[in-house]
Structures are given as structure tokens and as C-alpha cells.
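Structure first, commentary second.
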Protein chains: 2
Amino acid sequence: MSQHRHPGAPGRAGAVPALPDLPEATVARLPEYLRALHNLADAGHETVSSEGLSAAAGVNSAKLRKDLSHLGSYGTRGVGYDVALLIEQIEYVLGLTQRRAVALVGVGNLGHALAGYDGFASRGFRIAALLDADPSRVGEEINGLVVRHVDELPAVAVEESIAIGVIATPAAAAQSVADQLVAVGVTSILNFAPCVLSVPEGVDVRKVDLAIELQILSFHEHRKASLTALPATGGSALTALPGGLAATETQEAIGT
Amino acid sequence: MSQHRHPGAPGRAGAVPALPDLPEATVARLPEYLRALHNLADAGHETVSSEGLSAAAGVNSAKLRKDLSHLGSYGTRGVGYDVALLIEQIEYVLGLTQRRAVALVGVGNLGHALAGYDGFASRGFRIAALLDADPSRVGEEINGLVVRHVDELPAVAVEESIAIGVIATPAAAAQSVADQLVAVGVTSILNFAPCVLSVPEGVDVRKVDLAIELQILSFHEHRKASLTALPATGGSALTALPGGLAATETQEAIGT
DNA sequence: CGCGATTTGTGCACGTCTTCACAAGCGCCT
DNA sequence: AGGCGCTTGTGAAGACGTGCACAAATCGCG
């Protein structure tokens with residue numbers, strides 16, 4: 001751990017970039033840091049301390065420093081991190097220097113919303129194709145894109161060099177869609193359908209299930225209710241905080 | 001660990017239910033088990049082995065057994081778990097025996113989709129109110145509910161006894177909405193806005209950020225790309241699997 | 001009634017993640 | 001130049017989560 005000199009940032013140095021293999025937990029937090037950094041940059045900050053950035057990202061400052069140290073450490077002791085440099089570094093590590101093309105399959109309720117979500121475009125992605133199995137939806141134009149039939153996937157994959165597939169179909173169709181995506185070479189899938197997908201080794205699947213999130217909250221709600229039913233043992237020390245709203249550490253980001 | 005006899009299932013036994021305080025990781029998986037169990041029940045299965053259920057939920061069978069053992073263990077050795085009983089137990093622990101009322105704030109693109117999502121109704125929740133700050137949206141009817149102004153939140157909270165708030169506003173408005181939710185007594189919030197919320201102790205916040213999920217996938221995509229650029233060191237052993245599609249363990253649910 | 005097949009529940013070891021606490025390094029001011 | 005305050009980077013300890021492997025329990029059959 002001595003030879004660093006900007007490992008292979010956007011201005012590529014020639015040799016293999018040598019992606020450090022980061023702990024999965026760190027990877028899951030980098031996007032959050034990135035978002036916070038963009039906010040800071042927009043606000044005109046040139047540098048930021050680990051304390052400041054960690055507060056903006058809602059995590060512990062020691063954790064943030066350790067996370068950043070994994071990707072080579074671009075901070076200056078006594079000063080902090082250079083905001084622009086750090087943005088560049090994280091975007092490089094996350095592979096966001098190239099704008100990845102996303103194919104969205106299933107333009108029902110949720111699919112419509114995703115197709116219209118600006119957050120993708122502004123954060124490194126381009127929705128390159130909308131697909132659906134329902135012929136009555138094919139041809140519809142959403143946000144400047146025409147919905148095509150899912151059978152055209154092979155052609156679309158080549159035309160747009162799709163990197164990531166998003167599944168927003170009903171659960172019953174999801175496995176079939178996943179198979180089709182895999183067949184055309186997609187190795188990263190974001191699945192919104194409430195079901196488990198089985199995919200070959202080497203393909204990454206992440207799942208977002210809105211009902212599950214609510215059910216987790218419901219558990220905590222249930223537990224809190226069953227606790228306040230008891231006499232004031234120790235909970236009062238918490239609920240009777242003078243400050244009203246103060247704590248921030250409560251935040252529980254997904255993927256933690 | 002000896003006196004169990006159905007701790008306090010739906011037919012409440014009188015005394016304090018004594019919610020076991022489960023590991024957070026277990027809580028995050030229970031909803032997945034529940035979904036798999038409902039599928040099994042619909043398919044006519046009366047019992048299921050840990051092996052079978054774990055496959056349906058996409059997890060390791062030992063992990064599943066340990067998870068279930070935390071909530072009191074309703075299995076029979078040599079036989080498996082009673083599907084109906086397990087559903088009942090998990091729903092009780094998750095607090096789904098009462099259908100919780102959800103207030104959805106922000107009926108833009110994403111809010112519309114959420115308002116129309118059947119998954120909520122079928123899995124223990126009831127969208128009880130739609131709110132928005134934009135006067136031009138107030139009065140619109142979505143899925144049988146009329147959008148009301150967010151200032152009416154105090155009234156709505158009382159009328160519907162809101163348990164959970166869902167924020168689907170732009171990031172700029174999210175903190176303000178969160179404050180208003182907290183002010184009317186909501187202690188569980190699901191946040192879709194890409195920002196960190198600061199809330200008082202005792203309030204649970206879960207965050208879902210669609211762009212972050214894509215960015216995590218992007219990282220893995222980037223890494224895979226930088227690996228296949230190298231000569232066949234050991235990756236070939238994986239990519240050249242004879243089976244084609246076989247592995248299932250790849251699944252990476254959110255919150256892991 | 002006993003035996004074997006089956007499946008749960010769990011002790012234990014291992015790996016990963018988190019957090020504290022502090023030495024090392026940097027810039028600024030005198 | 002030297003010292004002081006501030007901030008990073010990291011060793012070490014502890015908490016947490018995972019997975020193996022096996023004993024204990026149950027059923028069915030002869």
C-alpha cells in the first residue's frame with residue numbers, strides 16, 4: 001500500500017485499472033456518498049471532512065473513512081477530501097464513466113413510473129428500450145421512447161448494447177423475462193417482481209420489493225407498540241428526549 | 001427455551017405477547033419466507049421442509065431453520081413445517097394481523113404507480129390517503145382515492161389512524177414532509193426520495209433508491225468487465241460451467 | 001415394539017462488518 | 001523553523017451474521 005497515484009481514473013493510465021475488490025457493504029454505500037458529494041459540489045464546497053460527508057450521507061464517520069480508504073484514499077490529513085476528485089474516483093469505481101444502457105421490461109403501472117424517472121438519466125444511466133409482452137401496449141410512446149415487443153429483445157440488445165435489465169412485470173412473467181435477458185447476454189438484473197429469480201452463475205440479480213419494505217416497517221411498528229404497552233422501564237429515557245428532533249443515526253438504508 | 005405453546009398467536013392468550021427481539025437480518029428475510037409460503041399454500045401444500053422452503057425463498061436452508069427457530073419453532077422433526085401455521089406465526093410477528101393504514105405523500109410519477117400497486121393490498125396494507133403539496137394535483141382521483149392537500153395531514157392521520165408514511169416526493173420536499181409525518185405521530189417512514197432524512201429517535205426510516213440499486217449493479221458489471229479482460233486465471237472455471245443455468249445462490253436480495 | 005429414514009433445532013467455528021481510539025501527516029500561524 | 005490544531009488512515013476488539021455438521025425428535029413400517 002504505497003504506490004497509488006490515481007489508480008486509473010478517467011484519464012486512463014494505460015495498464016489494467018486494477019479494480020480493488022471492495023467489501024460488498026462498502027459498495028452499497030458508495031452511491032450514497034456520491035449523491036452527497038454532488039450536493040456538496042452544487043453548494044460550492046471544494047473540500048469536505050469525513051465528519052461533514054458522513055453526516056450528509058447518514059453514516060458513521062469512521063465507517064466512511066474506512067470505506068474511502070479501500071479505494072485508495074484521496075484525502076488530505078488536516079484538510080479533508082477534495083470533492084471533485086472524490087466524485088471522479090467513486091464514479092470511476094462504480095463504472096459510471098460510461099453511461100450504461102438499461103432495458104426496461106414491463107410497462108405497467110410501475111414500469112411507466114420507472115420510464116419517467118429522471119433520477120436514472122441524472123445518475124449515470126440511459127433507458128435505452130421499453131419492452132412488454134402485451135401487444136396492446138406495444139407502440140405506445142412513453143417519454144420519447146416507443147414500447148416494443150419483448151420478442152424483439154435480441155435485436156434491441158445489439159442495437160443499444162444493453163448492459164442492465166430491469167424487470168417490472170408481474171411475478172408470473174419475471175422468470176421467463178429473466179431467461180430472455182440472460183440469453184441475450186445481460187449479466188445484471190434489477191428485479192421489481194415479487195419472486196425469486198434463478199439465473200446462471202455470473203449473473204447478478206438485485207431485488208426491490210416494495211411490500212417487503214413495508215412489512216419490515218410493520219414489524220418495528222408492532223414491536224414498538226408492544227413495548228409502550230409495558231410500564232416505563234427504559235423507553236422513556238428515549239422518548240422523552242429534550243431536543244425533539246435531533247438524532248440522525250436512526251436512518252437505516254436498505255442494504256445494511 | 002422450553003415453554004412455548006404458541007407464544008401469543010392471533011388467538012391472543014391474554015398476557016403480554018412477548019415479541020422475541022429478532023436479529024435484524026432475520027426480520028428482513030421473514031417477508032420473503034411469507035411470500036414463498038403463500039405460494040406453497042396456494043399450490044395446495046400442507047407442509048414443507050426447510051429445504052423446500054429455503055429453495056423457494058432463495059436462501060440457505062440452515063439459515064432458514066435458524067431464522068424460524070428464533071420465533072419459537074413450529075416445525076416437526078422428520079416432517080417439516082405446517083404451512084398454514086407458519087404463515088399465521090410470521091404474520092403475527094410482522095404485525096400483519098391488523099391491516100395497517102398507509103399515507104402516501106407525493107403523487108407524481110412514482111406516487112401514481114405506488115397508489116395503483118396491488119401488492120400492498122394483498123400483503124397486509126391499505127393505502128388510506130393520498131397527499132400532495134401541489135394544489136393542481138389535489139382533487140384528482142386515483143384508484144378510488146381522492147388526492148388531498150398535504151396540509152390536511154393532521155386531520156387525515158386521525159381519521160384513518162395512519163401507521164406508516166410513504167414519501168414519494170422530490171428530494172427537496174422530503175425532509176419537510178417527514179417532519180410533518182412525525183408531527184402527527186407517524187413512527188415508520190418509507191422514503192423513496194434520494195436524500196437522507198433526519199428524524200427523532202424512535203422513528204424508523206427505510207429508504208429505497210432506485211438509482212442506487214442500478215449503481216451497485218453497475219459496479220459489478222464494471223468489475224466483471226475488467227476481469228474478463230484478463231487472461232483465464234480462474235474465472236473460466238465459473239463461466240465455463242457445463243450446466244448453463246443452474247446456480248440459484250447468486251440471488252442478492254436487498255437488505256443483505 | 002423397535003428400527004431406520006427423515007428433518008428439525010442448535011453448538012461451534014469462521015468470516016464480515018462496525019466502531020473505537022490513536023498515531024501519522026498536513027497546513028497554518030507565529 | 002517550529003509548534004499546534006485538525007483530520008485522515010488504520011490496528012485491534014467486538015458485534016453480528018453465516019454455514020457446517022450433528023444430536024435430538026418424530027414418523028412409518030415391519
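Numbered from 1 within each chain, the chains take letters A, B, ... in sequence-line order.
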Exercise. Could B:Lys207 and A:Glu213 be called an ion pair, given the rule that one side-chain N must be under 4.0 Å from one carboxylate O?
Worked result: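 No salt bridge links B:Lys207 with A:Glu213.
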Rounded distance in Å - [atom1] ([X]) to [atom2] ([N]):
X	N	atom1	atom2	answer
B:Leu64	C:dT7	CG	P	14 Å
B:Asp21	D:dG17	CG	C1'	16 Å
B:Arg65	D:dA23	CZ	P	15 Å
A:Glu51	C:dT19	CD	P	13 Å
B:Tyr81	C:dT6	OH	C1'	13 Å
B:Leu71	C:dT8	CG	P	14 Å
A:Glu24	C:dT18	CD	C1'	16 Å
B:Asp67	D:dG17	CG	C1'	10 Å

Considering just the side-chain nitrogens and oxygens of [X], establish if one lies under 4.0 Å of OP1 or OP2 belonging to [N].
X	N	value
B:Ser50	C:dT8	yes
B:Lys66	C:dT10	no
B:Asn60	D:dG17	no
B:Arg77	C:dT10	no

Exercise. Which value, rounded to the nearest 0.5 Å, describes the distance between A:Glu221 atom CD and A:Ile216 atom CD1?
Worked result: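 Result: 14.0 Å between the selected atoms.
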Exercise. Between A:Thr76 and B:Ala62, which has a closest nucleotide on DNA chain C that is more 5'?
Worked result: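 Final value for this comparison: B:Ala62.
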Exercise. Under 3.5 Å, is there a donor-acceptor pair linking the side chains of A:Ser198 and A:Gln175?
Worked result: no
Problem set entry | B:Asp67 versus B:Tyr33, side-chain donor and acceptor atoms under 3.5 Å | yes
For this session: Mark yes or no for whether B:Thr76, through its side chain, and B:Val79, through its backbone, hold a donor-acceptor pair below 3.5 Å.
Result: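 Not confirmed, B:Thr76 side chain does not pair with B:Val79 backbone.
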For this session: Ignoring the backbone of B:Lys63, work out which of D:dG19, C:dC17, C:dT18 is nearest its side chain.
Result: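 Among the listed nucleotides, the one closest to the side chain of B:Lys63 is D:dG19.
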